[in-house]
Protein chains: 2
Amino acid sequence: MRPSIKQVAHLAGVSIATVSRLLNKPGSVSAETAEKIHRSIAELGFRPNFTGRNLRAGNSRTVGVVVPTLSNTVFAQCLQGIELAARALDYSVMFTTTEYLPEEESAAVELLLGHRVDGVILTVADAGSNATLDLLERERIPFVLTYNQLATSGPTTHRASVSVDNRAAACDAVAHLIGLGHRRIQMLSGRFNASDRAMQRYYGYLDAMQAAGLAPLPAIEVERHTLTAATDYQQMMADPLQRPTALFCSNDLLALSAMRDLRALGLQVPGDISVMGFDGIPVGALMAPVLASVVQPSERIGDVALRTLVEAIERAVPAAADGPSSQSPQSAQPALRHILPHVLREGGSVAPPPAAHSLS
Amino acid sequence: MRPSIKQVAHLAGVSIATVSRLLNKPGSVSAETAEKIHRSIAELGFRPNFTGRNLRAGNSRTVGVVVPTLSNTVFAQCLQGIELAARALDYSVMFTTTEYLPEEESAAVELLLGHRVDGVILTVADAGSNATLDLLERERIPFVLTYNQLATSGPTTHRASVSVDNRAAACDAVAHLIGLGHRRIQMLSGRFNASDRAMQRYYGYLDAMQAAGLAPLPAIEVERHTLTAATDYQQMMADPLQRPTALFCSNDLLALSAMRDLRALGLQVPGDISVMGFDGIPVGALMAPVLASVVQPSERIGDVALRTLVEAIERAVPAAADGPSSQSPQSAQPALRHILPHVLREGGSVAPPPAAHSLS
DNA sequence: ATGAAAGCGCTAACAT
DNA sequence: ATGTTAGCGCTTTCAT
């Protein structure tokens with residue numbers, strides 16, 4: 001076994017309490033005792049065991065993170081933002097993936113709760129009605145949603161989320177296409193039941209179309225990265241009369257896949273058809289043409305989520321030395337539903353519709 | 001406080017030992033007692049506390065992961081592979097980032113060791129001489145390197161690593177360019193002191209050039225994603241006579257940035273200059289032209305690394321019920337230096353050199 | 001099959 | 001300023 005506080009105490013000829021004190025508030029130990037202890041620590045290569053500390057303290061200074069996948073850059077960036085902020089605040093990160101399977105969400109959270117994480121950051125398939133979130137709430141574990149955007153009203157307004165305004169952002173994107181002269185705009189989306197964001201973005205599409213007096217089309221839902229399997233998509237693209245002049249995709253990976261498939265069909269982007277994405281993944285800006293997209297600040301989403309979570313955690317366990325004149329034991333809840341600004345990235349993948357269409 | 005094994009025992013009218021037994025080997029508890037306990041567990045919503053278990057058992061069934069960044073898809077995919085495999089083997093993952101700063105490596109590992117992870121998977125700046133790895137070894141914590149490729153001989157051959165053969169892979173890539181008729185090939189690389197892989201890939205470049213009797217050029221080292229700052233690069237590209245006909249980049253993000261910059265300079269890829277990457281990030285295959293690259297199986301690297309690590313962990317703490325006739329207490333070390341196969345992805349970013357050059 | 005009790009490493013009263 | 005001690009949740013002898 002590795003050296004414990006006990007061996008250190010023994011070697012330094014003091015009690016374990018003194019060693020513990022030195023580790024926690026060094027001020028309360030005399031200089032020469034501290035000196036002796038430090039030497040023993042160095043000699044033994046002692047490293048405090050968080051497990052012991054956590055068991056005793058009842059908290060772990062660890063947060064759990066649950067995301068659908070790391071294959072999508074968006075979540076990787078978010079996790080990056082979480083980790084950076086966590087390190088700055090002296091928290092550790094334990095993380096899991098769900099592969100977009102709702103049933104994995106609860107298993108993932110169960111595991112994290114077993115480790116006694118102090119809080120959880122997650123992106124779920126559907127935040128609207130979600131047994132996992134209910135569990136977290138019942139167990140009084142602070143949690144913050146990322147990308148999931150909670151409703152403004154309803155029974156869950158007290159929950160925390162960090163996202164862009166998906167509906168408004170999608171509306172902006174589609175309005176941009178309309179402004180360019182597009183009339184026939186098709187939305188391509190990931191499965192709605194795996195992503196409530198996708199649904200919100202479709203509503204944004206509807207908003208923009210209706211505001212312009214255009215006839216919205218039903219969204220085409222596709223499995224991720226496999227457009228070729230969507231036969232309605234294939235048919236639509238094959239017929240020049242039926243074909244939309246612009247595609248609005250619910251995420252950038254989908255947009256990129258769509259562009260690849262369009263090329264395979266012999267179609268030019270944006271010459272024959274424009275493509276707009278959503279997410280604003282960094283590589284999109286390196287390509288030619290640049291992928292037009294709605295840029296979400298993914299790393300910031302992670303950063304804000306972590307800070308919000310830590311705030312909630314430390315509010316739940318009020319800081320010890322708070323003085324008797326502490327203002328309010330149940331201080332007012334800070335803002336919970338964080339809506340971060342999105343930016344429309346214009347890019348060469350979008351242009352006015354081909355002449356034949358703009359005349360019609 | 002959350003319900004503990006104690007409350008469960010009390011409610012079920014048994015001792016805590018019996019509850020513990022039911023949780024660990026259910027066979028040793030009578031059916032009716034089990035029934036009672038299960039009811040109590042359900043009623044209280046009891047969930048075993050890993051902290052207590054870990055403290056007692058001296059292991060955590062948790063592995064630590066240290067990667068430079070998650071902004072590079074390569075590491076995100078690797079982490080994805082690690083997490084998947086970990087979940088399959090019932091391990092949890094705690095992870096940290098170093099931002100490519102060698103000094104962060106030791107801090108990250110210190111933190112993980114504080115949490116008493118059972119082992120560590122890491123990608124370091126330089127695996128050749130690395131204080132953090134020495135520490136891990138001194139503390140007898142199993143670890144596996146990813147992407148870092150250990151030397152075949154030397155003082156560290158007993159260490160474990162999972163990677164492609166960087167030098168051979170780079171050589172293949174450059175040989176491919178040479179086969180296409182390129183003579184003047186420039187390597188663009190991330191900082192060697194932040195990535196020993198980059199250095200190994202440069203050696204591969206040298207191998208290929210020398211094998212073809214061509215004059216190798218010194219590599220141009222650039223900060224990640226900011227080619228514009230490299231003045232020697234700018235100068236070289238501006239002069240049509242000095243300009244190479246092909247660029248070999250030590251990673252795909254660099255290759256993509258380079259292509260963007262070349263476009264800004266008015267150069268065509270591959271018309272004026274070919275660009276070859278390294279990593280084989282998935283988006284590279286979605287672009288037009290497709291980014292030619294050396295594909296590393298990043299997710300598999302993570303998968304293999306985790307399985308190798310777990311093997312080492314469970315070898316260190318030999319399984320309890322092993323029987324007295326256990327073959328060898330110190331069984332022979334399995335293969336440690338995993339070299340996974342790479343694949344050369346041909347793509348439109350690479351073509352024969354422009355006519356003027358191929359004549360020379 | 002079950003219980004009693006010790007102890008993993010640590011912190012926080014409570015003494016002194 | 002320092003020591004003594006109880007106990008966080010759990011597993012595991014050792015009895016019964």
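In what follows, every chain begins at residue 1, and chains take the letters A, B, ... in the order their sequences are listed.
Distance B/Lys36 NZ to C/dT2 C1': 11 Å, rounded to the nearest Å. As a whole-Å value, the separation of B/Asn59 CG from C/dG9 P is 13 Å. One interatomic measurement links the two molecules: CZ of A/Arg61 to C1' of C/dC10, which rounds to 16 Å at whole-angstrom precision. A/Leu55 has its CG atom 13 Å from the P atom of C/dA12, to the nearest Å. Between the NZ atom of A/Lys25 and the P atom of C/dT11 there is a distance of 11 Å, given to the nearest Å. Rounded to a whole Å, the CG atom of A/Asn49 is 18 Å from the P atom of C/dG7. Protein atom CG of A/Leu23 is 12 Å distant from nucleotide atom P of C/dA12, rounded to whole Å. Note: CZ (A/Arg56) to P (D/dG9) measures 11 Å, nearest angstrom.
Nucleic acid contact for B/Asn24: sugar-phosphate only, since backbone atoms but no base atoms lie under 4.0 Å from a heavy atom of the residue. Nucleic acid contact class of B/Thr18 (heavy atoms, under 4.0 Å, all strands): sugar-phosphate only.
Checking D/dC8, D/dG9, C/dG9 against every side-chain atom of A/Ser4, the shortest atom distance belongs to C/dG9. Side-chain atoms of B/Ile5 lie closest to D/dG9 of the nucleotides C/dG3, C/dC10, D/dG9. Closest contact between the side chain of A/Phe46 and the listed nucleotides D/dC10, C/dA4, C/dC10 involves C/dC10.
Contact annotation: B/Thr33 side-chain N/O to C/dT2 OP1/OP2 distance is under 4.0 Å. For B/Ser30 and C/dT2, the shortest distance from a side-chain N or O to OP1 or OP2 is below 4.0 Å. Distances shorter than 4.0 Å separate none of the side-chain N or O atoms of A/Ser28 from OP1 or OP2 on D/dT2. Between C/dG9 and A/Arg53, no contact under 4.0 Å exists linking OP1 or OP2 to a side-chain N or O. Phosphate proximity of D/dT4 to A/Ser15: absent, as no side-chain N or O sits under 4.0 Å from OP1 or OP2.
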Exercise for review: Assess whether side chain to side chain contact (heavy atoms under 4.5 Å, CB included) is satisfied between B/Thr308 and B/His338, documenting all intermediate values.
Suggested key: CA-CA 9 Å; B/Thr308 305; B/His338 296 266; 3.2 Å; yes
Exercise for review: Evaluate side chain to side chain contact (heavy atoms under 4.5 Å, CB included) for A/Thr97 paired with B/Gln80, printing each intermediate quantity in order.
Suggested key: CA-CA 8 Å; A/Thr97 269; B/Gln80 168 91 349; 3.7 Å; yes
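Between B/Gly52 and B/Ala34, the one whose closest nucleotide on DNA chain C sits nearer the 5' end is B/Ala34. Nucleotides of DNA chain D nearest to A/Val29 and A/Ile16 differ in position, and the one nearer the 5' end is that of A/Val29. Nearer the 5' end of DNA chain C, as judged by each residue's closest nucleotide, is the contact made by B/Gly27, out of B/Arg116 and B/Gly27. Remark on DNA chain D: of its neighbouring residues B/Arg21 and B/Phe50, the 5'-side contact belongs to B/Phe50, judged by nearest-heavy-atom nucleotide.
B/Asn59 places no side-chain N or O within donor-acceptor distance of the main-chain N or O of B/Asp118, the cut-off being under 3.5 Å.
In plain terms, the two heavy atoms of B/Leu122 and B/Asn148 that are nearest each other are O-OD1, 4.0 Å.
Taking 4.5 Å as the limit, some side-chain heavy atom of B/Phe95 sits within range of a side-chain heavy atom of A/Leu79.
With respect to A/Glu105, the side chain to side chain donor-acceptor pair (under 3.5 Å) criterion is satisfied by exactly one of A/Asn130, A/Thr96, A/Thr98: A/Asn130.
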